[in-house]
Amino acid sequence: MEFRNTGGTPARSGTITFATHIIGALGVDWATIRSSQPLPAPIAAGAKKSQTYTVCLESWRVPLGMRVETQDVSAVWE
């Protein structure tokens, strides 16, 4: 993911949250698991940084025939 600081001051810290959905064979959304990780900080004013994240779930949460999709991502800078 690419993060761009469009503000006038450095972004010093923050958190990114992923909402990973467990989808059944018929398309029913059975559960949403949220996980959070730190953002790549600091980011100077006007600068950008890239970061790759791995989102994992325990195998027992995803029964045979179901799939996972990370559908929602939010970031909070502090």
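Quick caveat: nothing in here was measured; it's all calculated off a predicted structure.
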CZ/Arg12: more than 12 non-hydrogen atoms of other groups inside 6.0 Å: no
Pairwise distance OG1(Thr32) to CZ(Phe18) - rounded to 0.5 angstrom: 15.0 Å
Ser36 and Thr15: side chain donor to acceptor below 3.5 Å: no
Where Gly7 and Ala45 come nearest, the two heavy atoms and their spacing: O-CB, 3.4 Å
Pairs meeting criterion ring-ring contact (aromatic ring centres under 6.0 Å, His included) with involvement of residues 27-49, two or more places apart: none
Shortest non-hydrogen separation from Asn5 to Ala11 and the atoms involved: ND2-N, 3.3 Å
Atom of Ala31, atom of Asp29 and distance for their closest heavy-atom approach: O-OD1, 3.2 Å
Distance (rounded to the nearest 0.5 Å) between Leu64 CG and Ser59 OG: 11.5 Å
Spacing of OG1 belonging to Thr17 relative to CZ belonging to Arg34, to within rounding of 0.5 Å: 8.5 Å
Pairwise distance CE(Met66) to NE2(His21) - rounded to 0.5 angstrom: 14.0 Å
Full working for side chain to side chain contact (heavy atoms under 4.5 Å, CB included) between Trp77 and Ile43: CA-CA 10 Å; Trp77 292 98; Ile43 300 178; 3.4 Å; yes
hydrophobic_cluster_shared for Ile33 and Ile23, side chain cutoff 4.5 Å: no
Pairs flagged by side-chain hydrogen bond (donor to acceptor under 3.5 Å, both in side chains) wherever residues 44-53 is involved - sequence neighbours left out: none
Closest non-hydrogen atom pair, Arg61 against Pro63: O-CD, 3.4 Å
Spacing of Met1 atom CE and Ile16 atom CD1 [to the nearest 0.5 Å]: 4.0 Å
Leu57 CG to Thr70 OG1 distance, which is reported to the nearest 0.5 Å: 7.5 Å
Co-membership, hydrophobic cluster, residues Val76 and Val55, 4.5 Å side-chain: no
